There are 4 protein chains.
Amino acid sequence: MREDDEVSAVGGATREERRRDPSRVLALTDGVFAIIITLLVLDLRVPQKDSLNGQSLATVLAQQWPLYLAYVLSFLQVGVVWANHHTMFHYIRRSDHVLLVCNLMLLLCAALLPFTTAIFAEYGLAGRSDIQLAAFIYSAALGAAGIFFNLLWQHALRARLVYPNADPDRLHALTWHWRLVPVFYAIAFLLALHSPYLSVCMYVALLFYYALPGPFVVLWMTGRQSRRRGRLSAARH
Amino acid sequence: MREDDEVSAVGGATREERRRDPSRVLALTDGVFAIIITLLVLDLRVPQKDSLNGQSLATVLAQQWPLYLAYVLSFLQVGVVWANHHTMFHYIRRSDHVLLVCNLMLLLCAALLPFTTAIFAEYGLAGRSDIQLAAFIYSAALGAAGIFFNLLWQHALRARLVYPNADPDRLHALTWHWRLVPVFYAIAFLLALHSPYLSVCMYVALLFYYALPGPFVVLWMTGRQSRRRGRLSAARH
Amino acid sequence: MREDDEVSAVGGATREERRRDPSRVLALTDGVFAIIITLLVLDLRVPQKDSLNGQSLATVLAQQWPLYLAYVLSFLQVGVVWANHHTMFHYIRRSDHVLLVCNLMLLLCAALLPFTTAIFAEYGLAGRSDIQLAAFIYSAALGAAGIFFNLLWQHALRARLVYPNADPDRLHALTWHWRLVPVFYAIAFLLALHSPYLSVCMYVALLFYYALPGPFVVLWMTGRQSRRRGRLSAARH
Amino acid sequence: MREDDEVSAVGGATREERRRDPSRVLALTDGVFAIIITLLVLDLRVPQKDSLNGQSLATVLAQQWPLYLAYVLSFLQVGVVWANHHTMFHYIRRSDHVLLVCNLMLLLCAALLPFTTAIFAEYGLAGRSDIQLAAFIYSAALGAAGIFFNLLWQHALRARLVYPNADPDRLHALTWHWRLVPVFYAIAFLLALHSPYLSVCMYVALLFYYALPGPFVVLWMTGRQSRRRGRLSAARH
């Protein structure tokens with residue numbers, strides 16, 4: 001928090017006064033993500049000595065494999081949401097009240113991840129209707145998180161909270177990169193109607209796509225467009 | 001933490017020595033709020049496969065609706081307390097020992113929110129006397145938090161811990177904005193004697209009122225006063 | 001973390017290289033204290049609807065009073081340890097490996113506080129020998145924390161990790177202020193042999209004494225000494 | 001986060017754009033470590049008054065000694081991993097996407113420590129095959145953490161994310177210091193085939209070796225080499 005900024009903000013106009021350094025918003029967010037990501041390990045249960053019922057420890061631990069898979073996938077999922085939040089706030093230099101509220105709503109949805117994954121871990125091998133329900137809940141929570149993620153970004157762009165000299169092409173590419181998140185999860189939601197397994201495949205695909213450093217697909221398409229535009233304008237001259 | 005400040009504070013007069021950068025106070029506070037807000041999700045229980053008793057997963061999850069409502073409302077309640085703390089420390093540039101103690105007492109009360117909400121989630125559909133007790137406890141905890149919130153702010157103003165060029169009108173408006181918090185919760189406490197449901201309605205109204213960016217009502221009244229004063233002084237000339 | 005410092009430290013002499021900005025040590029410490037302080041609220045149990053056994057909710061909640069007392073006292077105890085850590089690091093501007101290790105050992109002891117308090121909450125109304133054991137454990141944990149607190153401070157002074165222009169009188173007063181902590185808890189430990197209740201009274205007294213802003217008693221004694229010395233030197237001339 | 005850096009990074013070339021201040025990576029990491037380290041205390045169970053079965057509290061608490069040993073050793077183990085992370089980021093001044101992913105994978109493995117230690121605490125006095133399994137799991141988790149630790153450091157060196165004027169000899173020594181971590185844990189894994197007790201001895205030895213401030217052994221060997229080289233070049237002249 002740079003003091004001069006603060007002072008000028010506090011002593012300045014009313015609208016400017018409500019614009020602040022986002023450092024505390026990030027502190028709360030990092031704290032929440034650190035806790036979500038660490039709470040996941042609490043679901044890995046060490047079997048009590050008395051409850052082995054003559055089975056070996058190795059057998060009992062091996063039977064818990066859905067728990068391990070759920071741990072790794074949720075850890076990565078929370079990590080991917082955090083990494084995208086990190087990318088977004090790389091471009092945001094001021095926060096205001098609307099941004100703060102959008103961020104809280106995003107955290108509210110993201111904090112559901114341990115719950116939605118636990119349903120999968122418990123019912124992932126159960127009947128088809130239970131997996132379908134688990135897929136509905138999972139898609140809904142991440143889709144809602146995606147919507148607030150977009151509202152946050154749209155607001156930051158509209159209220160000029162981003163760095164003034166950020167590359168507009170890149171901001172545009174990121175806008176499209178993130179705008180697709182709720183669309184993808186809406187598709188995953190509808191896919192679950194037909195087959196929850198397809199829906200799960202889509203989660204894994206999305207997990208890895210959004211783990212990539214940035215808007216690759218969008219940049220590739222924009223790049224192709226701008227190259228085409230470049231060729232057209234070169235042909236005209 | 002800017003080094004020159006620290007050095008001058010450390011080598012300076014005894015009174016000045018006890019005045020510090022509030023960054024660690026904020027780090028502890030943000031940590032506590034991040035944990036309170038994330039612990040709430042632990043109350044969302046995934047029903048065990050064995051305990052379904054022939055009911056479908058959907059039915060069991062749907063029956064848990066008070067848990068979901070409690071999750072959303074507590075998340076927002078903690079978020080609103082944090083957002084107001086964020087607003088307050090936007091104006092505070094130094095901390096001292098009294099501020100530190102007031103802040104700890106505020107955290108002590110705010111950390112009770114998961115407990116007070118859990119009582120509501122468990123007894124919200126029980127008999128009238130139980131809801132009344134839940135409302136008493138909820139009002140008392142938030143009212144006490146409000147009192148320490150005010151003591152903190154009063155002390156910061158009196159001990160000149162705020163930024164010296166902050167707009168005095170705005171500081172005054174914020175003082176009145178926050179001074180009403182314990183009054184409102186005292187009213188909610190007394191309302192619960194008559195009808196705990198009215199009390200609950202008041203919590204929701206207060207939740208949304210204090211989620212607004214700042215002292216709207218107070219500013220509107222002050223604005224009206226200053227406009228009237230303006231008109232009076234214009235009429236005199 | 002100021003970059004020039006870092007760069008010079010990294011490119012500098014080997015001994016200087018191991019001296020660092022203490023910001024990450026503080027981040028870990030504040031995180032640990034925030035979690036300790038917030039975990040305490042998990043011990044406040046909401047009685048399940050089914051387990052009331054015909055008693056009213058109010059009765060059951062009222063019977064839990066040792067839990068509430070334990071919550072308030074542990075919260076204050078953790079807060080007081082944190083506040084003293086805050087005071088100490090107000091004077092420390094560099095960290096090295098020994099400081100880091102002392103700080104970890106201090107955290108190891110401080111993180112036991114929820115456990116040692118929970119023993120009191122469970123056995124505080126039990127037989128005399130159980131309370132005596134609880135008092136032994138409580139004194140030992142806080143005494144050990146006090147020893148590492150002192151080792152940390154002694155090392156910081158000896159290795160010149162404090163701000164160079166800090167008032168030496170104040171540093172000396174703080175040294176004595178903190179040196180008494182393990183002594184006091186050793187006395188509390190021995191008192192528990194005679195009467196655990198006296199021991200408990202001593203904890204409360206120490207809690208409030210170390211909640212005060214600084215080395216009041218030590219400063220008052222030093223002040224008297226320096227006034228006497230002043231008078232003596234005035235008489236000589 | 002220094003604003004000019006950010007601005008230039010944001011407005012700069014695409015490759016530079018993806019390089020960032022590592023402060024948020026550290027905030028998440030410190031949060032995760034603070035939670036891992038504090039969650040360990042939750043395993044220290046206060047025996048319920050009703051479950052004493054006529055035994056004295058002292059006897060029951062004394063019988064829990066593997067829990068206390070596990071608490072102290074895990075606390076130190078987590079602390080040592082954190083201290084080495086702290087040392088590494090002392091030299092890193094920029095982060096990029098690969099670094100962020102390696103760090104997340106490192107956290108994923110480190111967050112398993114409470115789980116792997118709990119297996120030891122539960123089965124440490126059980127049959128030989130159970131201790132062997134516990135040793136396999138423990139070695140595997142810490143070995144995997146070591147691999148990601150090395151990938152992170154290798155990437156930081158290759159992508160020039162370290163401070164440009166850092167001492168190359170020291171960077172090289174650290175590289176060897178950390179490169180041995182997965183090798184040591186692979187040996188501990190294989191040792192467990194022969195005798196799990198030897199494996200446990202190796203953990204304790206490694207714990208204390210990596211608790212030392214830096215690459216002592218490596219520096220001593222490098223020092224001997226450079227002294228020999230010095231003597232050789234002196235002999236030549």
Side-chain angles (χ1 to χ4, degrees), chain A residues 1-2 5 21-23 26-27 29-50 52 56-58 61-62 67-68 71-72 74-76 78-80 82-83 85-87 89-93 162-167 169-171 211-214 219, chain D residues 1-3 6-14 17-18 20-21 23-36 38-39 42-43 95-98 100-101 103-105 107-108 110-123 125-127 129-134 136-137:
Chain A
M1 203 157 81
R2 298 190 318 136
D5 266 358
D21 187 85
S23 62
L26 296 182
T29 308
D30 288 345
V32 169
F33 275 108
I35 299 157
I36 298 173
I37 223 170
T38 324
L39 286 182
L40 297 169
V41 88
L42 292 185
D43 286 332
L44 299 183
R45 288 185 282 266
V46 177
Q48 297 287 310
K49 236 183 280 183
D50 316 328
L52 291 183
S56 78
L57 175 60
L61 284 177
L67 284 179
Y68 310 135
Y71 172 70
V72 173
S74 336
F75 204 102
L76 294 179
V78 177
V80 165
W82 179 80
H85 192 275
H86 182 61
T87 301
F89 275 81
H90 182 51
Y91 295 96
I92 293 177
R93 76 172 175 142
V162 296
Y163 280 100
N165 49 353
D167 176 11
D169 282 350
R170 194 161 178 88
L171 295 185
L212 294 176
L219 276 179
Chain D
M1 202 157 83
R2 298 191 318 137
E3 201 173 306
E6 281 310 294
V7 168
S8 70
V10 170
T14 317
E17 216 168 318
R18 276 185 243 117
R20 296 159 194 183
D21 186 85
S23 62
R24 273 195 79 189
V25 175
L26 296 182
L28 189 83
T29 308
D30 288 344
V32 169
F33 276 107
I35 299 156
I36 298 173
T38 323
L39 286 182
L42 293 184
D43 286 332
S95 87
D96 64 3
H97 195 77
V98 178
L100 201 141
V101 170
N103 196 61
L104 268 179
M105 296 306 295
L107 291 182
L108 192 150
L112 286 172
L113 268 170
F115 175 68
T116 58
T117 326
I119 298 180
F120 258 114
E122 186 74 26
Y123 294 93
L125 301 173
S129 69
D130 286 347
I131 306 174
Q132 198 172 36
L133 185 64
F136 282 152
I137 295 171

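All figures in this text were calculated on a predicted structure; none of them were measured in a lab. In the text below, chain A, chain B and the rest are named by the order of the sequence lines, each starting its count at 1.
- Residue contact with chain A, scored on non-hydrogen atoms closer than 4.5 Å, involves the backbone and the side chain of D:Leu107 alike.
- In this structure the side chain of A:Lys49 never reaches within 4.5 angstrom of the side chain of D:Asp130, judged on heavy atoms.
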Let me see the working for A:Val41 and D:Leu113 under side chain to side chain contact (heavy atoms under 4.5 Å, CB included), right down to the final yes or no.
CA-CA 9 Å; A:Val41 88; D:Leu113 268 170; over 6 Å; no
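- Distance alone, capped at 3.5 Å, places no donor-acceptor pair between the D:Tyr123 side chain and the A:Leu57 backbone.
- The part of A:Leu42 that comes within reach of chain D is its side chain, from C-beta onward, which places non-hydrogen atoms under 4.5 angstrom from that chain.
- The two residues A:Trp82 and D:Val25 come nearest to each other via the heavy atoms CH2-CA, 4.0 Å.
- Between A:Ile35 and D:Val32, the closest side-chain pair of non-hydrogen atoms is not below 4.5 Å.
- In this structure, chain D has heavy atoms under 4.5 Å from both the backbone and the side chain of A:Thr87.
- Contact check for D:Phe115 versus A:Tyr68: side-chain heavy atoms found under the 4.5 Å cut-off.
- The two residues D:Leu108 and A:Leu76 come nearest to each other via the heavy atoms CD1-CD2, 4.3 Å.
- Residues A:Ala34 and D:Leu28 come closest through the heavy atom pair N-CD1, 3.7 Å.
- Across A:Ala83 and D:Leu100, no two heavy atoms sit closer than the pair CB-CD2, 3.7 Å.
- Looking at every heavy atom in both residues, D:Ala118 comes nearest to A:Val46 through CB-CG2, 3.5 Å.
- Side chain to side chain, D:Arg24 and A:His90 fail the donor-acceptor criterion of an N or O pair below 3.5 Å.
- Only the backbone of A:Ala211 has a heavy atom closer than 4.5 Å to any heavy atom of chain D.
- Of the two parts of A:Leu44, the backbone and the side chain both hold a non-hydrogen atom closer than 4.5 Å to a non-hydrogen atom of chain D.
- Within the 4.5 angstrom heavy-atom criterion, no atom of A:Leu40 approaches chain D.
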